Amino acid sequence: MHPTDERRPLILRHADVVVTMDAQRREIRDGAVVVDGTAIAWVGASADIPVPWLANAAETIDLHGHVLLPGLVNTHHHMVQSLTRAVPAAQDAELFGWLENLYGLWAGLTPEMVRVSTQTAMAELMLSGCTTTSDHLYLFPNGSRLDDAIEAADAMGMRFHAARGSMSVGRSQGGLPPDSVVEREQHILADSDRLITRWHDPARHSMRRIVLAPCSPFSVSRDLMRESAVLARARGVSLHTHLAENDNDIAYSREKFSMTPAEYAEDLGWVGRDVWHAHCVKLDAAGIALFARTGTGVAHCPCSNMRLGSGIAPIRAMRQAGVPVGLGVDGSASNDGAHMLGEARQALLLQRVGHGPAAMTAREALEIATLGGAQVLGRDDIGALAPGMSADLVAFDLRGVTHAGAGHDPVAALVFCHAIDVALSVINGRVRVREGRLVDVELAPLLTRHRDLARSLYEAARHPHTA
């Protein structure tokens, strides 16, 4: 390939290591990548960059001291929860108690809160090396819509899988959420169809896709699960929900449905390569075999699983069986942080706590955070650095004190050493983070407004009659 006058390339060169995650899992010392428009044109050693590219480069960025790798992929999040971090009443609860303490706060969400929290959460993700994210928004009070999150994401420039979540079974019908935050199922399905028509882009290198995502077995009906699967397959979009998160989740499925969560998912048509489930901490051997056989994906959320005391997901067993596994930071009220590189590090450490030092290597953790996430989201255009792939790349500067003495294996050091923020991020061929700072977003005013909204949301819930 050669550059044209209309498309002048971006060249990233002299990275200490380029981690390609390509079919051969090449790691290229003194490596380089050439970006042509929104796609990668060339990957190789810096000394071998074709002269026509060098002569016509729009910009050349030197990455001495950096590791360059594919943008990290976040497969599970609840971005509005960044407004309710470290809420006292929910600090020491397991999943069901945690939810019951927070539903009342989230009932006060407004469209502005959805927009500002989405941008704040995306800023945090981008600075941690994430270039593609899913978000699971499942309650829509006070006129809020998924459109609010999508429009906010467009301004941030992240590759976005917007999951239209829903809850339809309130406490009066045996569900967990209060009746005030559930929706009518016909409205959910109609709005889901509207969103697909309005926003979904199935094309290669797409920046925006819609996902149908009824929240959980304890907040929606069997009918909504089935109808959502029928609609998703008719419209060619993916499916996502929470599954088998903790012991109470298992007990609920056995009591209400006389099935394990995996059996419940299979019964409703919620298995296949177009489906991924969050957590799966308690997925049993039969469930793992089912997911492997059908290509059903899992979003692994180690920090959230620890924060809520849910347990250690059997990720080693899943990967050995062939289950697609990606990484998820989960909501910022059950993790209280959303650092993707830190999540990869935690994934490695937690598997070793549960299953010994051979349970996960540093490179496996990075693979889950890149290629694994791409596979879970049903994408073949992200997660690796190779010609024709989307131009999503991130570079981490390993010259600081946290990586002193780790030059023997800088790739492993990314995971074993303290997680650092990204130095450079390119998304869809455009530099979005440069020298550790967001290029297109003024962070200080965004955070000021986010703090104000978080305070007002919390105070309104504490004093409902004076708000």
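In what follows, every heavy atom counts, from backbone to side chain, and hydrogens, waters and symmetry copies are set aside. What you see is a predicted model, and the numbers here were worked out from it, not measured in a lab.
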- [ ] Measure from the side-chain N and O atoms of Asp16 to the backbone N and O of Gly65, and report whether any donor-acceptor pair falls under 3.5 Å.
- [x] yes
TODO: Compare all side-chain heavy atoms of Val34 with those of Ile40 and state whether any distance is below 4.5 angstrom.
DONE: no
Task: Verdict with supporting geometry, Thr133 and Asn74, side chain to side chain donor-acceptor pair (under 3.5 Å) - done: CA-CA 5 Å; Thr133 186; Asn74 178 35; 3.0 Å; yes
TODO: Report the distance from atom CG of Leu447 to atom CD of Glu442, rounding to the nearest 0.5 Å.
DONE: 11.5 Å
Open item on the list: Aromatic contact between Phe396 and His403, with the criterion being ring centroids under 6.0 Å apart: yes or no?
Closed with: no
Open item on the list: So, applying salt bridge (Lys or Arg N to Asp or Glu O under 4.0 Å) with Glu59, which one of Arg8, Arg434, Arg430 is it?
Closed with: Arg434
TODO: Using the side chain to side chain donor-acceptor pair (under 3.5 Å) rule, pick out the option among Asp330, Asp336, Asn335 that qualifies with Arg307.
DONE: Asp336
Open item on the list: Apply side chain to side chain donor-acceptor pair (under 3.5 Å) to residues Trp276 and Thr296 and explain how you reach the verdict.
Closed with: CA-CA 6 Å; Trp276 85 100; Thr296 306; over 6 Å; no
Open item on the list: Are more than 12 heavy atoms, taken from residues, nucleotides or ligands other than Gln320, located less than 6.0 Å from that residue's CD atom?
Closed with: yes
Open item on the list: Between Glu245 (side chain only) and Leu95 (backbone N and O only), is there a donor and an acceptor less than 3.5 Å apart?
Closed with: no
Task: Result of checking Leu68, Leu10, Val426 against Ile61 for side-chain contact (heavy atoms from CB on, under 4.5 Å) - done: Leu10
Task: Closest contact, heavy atoms only, Ala362 versus Phe416 - done: CB-CE1, 3.7 Å
TODO: Output the distance between atom OG (Ser304) and atom CD (Glu343), rounded to the nearest 0.5 Å.
DONE: 8.0 Å
TODO: Kindly give the heavy-atom pair with the smallest separation between Val394 and Gly129, and that separation in Å.
DONE: CG1-O, 3.4 Å
Task: Heavy-atom side-chain proximity of Leu393 to Leu69 below 4.5 angstrom - done: no
Task: Backbone N/O of Arg26 and side chain of Asp22: donor-acceptor pair under 3.5 Å - done: yes
Open item on the list: Between Asp267 and Glu263 (side chain of the first, backbone of the second, donor and acceptor by atom type, cut-off under 3.5 Å), is there such a pair?
Closed with: no
Open item on the list: Please verify the inter-ring angle class for Trp270 with His277; under 30° counts as parallel, over 60° as perpendicular, anything in between as tilted.
Closed with: tilted
- [ ] Step through the shown structure and confirm whether more than 12 heavy atoms of other residues, nucleotides or ligands are within 6.0 Å of CZ on Arg25.
- [x] yes
Task: Donor-acceptor contact present, side-chain Arg379 to main-chain Ser206, <3.5 Å - done: yes
- [ ] Locate the shortest heavy-atom distance separating Arg293 from Glu266; write the atom from each residue and the value.
- [x] NH2-OE2, 4.2 Å
- [ ] May I ask you to check whether over 12 heavy atoms, not counting those of Arg204, lie within 6.0 Å of atom CZ?
- [x] yes
- [ ] Provide the closest heavy-atom pair for Asp249 versus Ala244 in the form atom of the first, atom of the second, distance.
- [x] OD2-N, 3.2 Å
Task: Check: Arg164 side chain, Leu137 main-chain N or O, donor-acceptor pair, under 3.5 Å - done: no
TODO: Sort out for me which residue in Leu72, Ile382, Val433, Ile427 forms a side-chain contact (heavy atoms from CB on, under 4.5 Å) with Thr131.
DONE: Ile427
Task: side chain to side chain donor-acceptor pair (under 3.5 Å) evaluation trace for His205 with Ser390 - done: CA-CA 6 Å; His205 309 305; Ser390 298; 2.6 Å; yes
Open item on the list: Using the rule ring-ring contact (aromatic ring centres under 6.0 Å, His included), only one of His136, His240, His76 pairs with His279; which is it?
Closed with: His76
TODO: Any chance you could measure Ile368, atom CD1, to Arg363, atom CZ, to the nearest 0.5 Å?
DONE: 14.5 Å
Task: Test log, rule side chain to side chain donor-acceptor pair (under 3.5 Å), inputs Trp42 and Asp36 - done: CA-CA 9 Å; Trp42 183 90; Asp36 182 25; over 6 Å; no
- [ ] Verify, without hydrogens or angle tests, whether Ser228 (side chain) and Met225 (backbone) share a donor-acceptor contact under 3.5 angstrom.
- [x] no
Task: Ser219 side chain to Met167 backbone, donor-acceptor under 3.5 Å - done: no
Task: Minimal non-hydrogen separation, Gly383 against Thr370, with atom names - done: O-CB, 3.7 Å
Task: Check: His242 ring centre within less than 6.0 Å of His78 ring centre - done: yes
Open item on the list: Working to the nearest 0.5 angstrom, can you tell me the gap between Leu341 CG and Leu414 CG?
Closed with: 6.0 Å
Task: Whether Ser310 side chain and Met306 backbone form a donor-acceptor pair below 3.5 Å - done: no
Task: Salt-bridge contact Glu227-Arg233 (side-chain N to carboxylate O under 4.0 Å) - done: no
Open item on the list: Which heavy atom of Arg13 sits nearest to which heavy atom of Ile49, and what is that distance?
Closed with: CB-CD1, 3.9 Å
Task: Separation between CE of Met21 and CD of Glu27, rounded to the nearest 0.5 Å - done: 7.5 Å
Open item on the list: Working to the nearest 0.5 angstrom, can you tell me the gap between Arg115 CZ and Glu151 CD?
Closed with: 7.5 Å
Task: Heavy-atom check, side chain of Val422 versus side chain of Ser128, under 4.5 Å - done: no
Task: Main-chain N/O of Met360 paired with Arg352 side-chain donor or acceptor, under 3.5 Å - done: yes
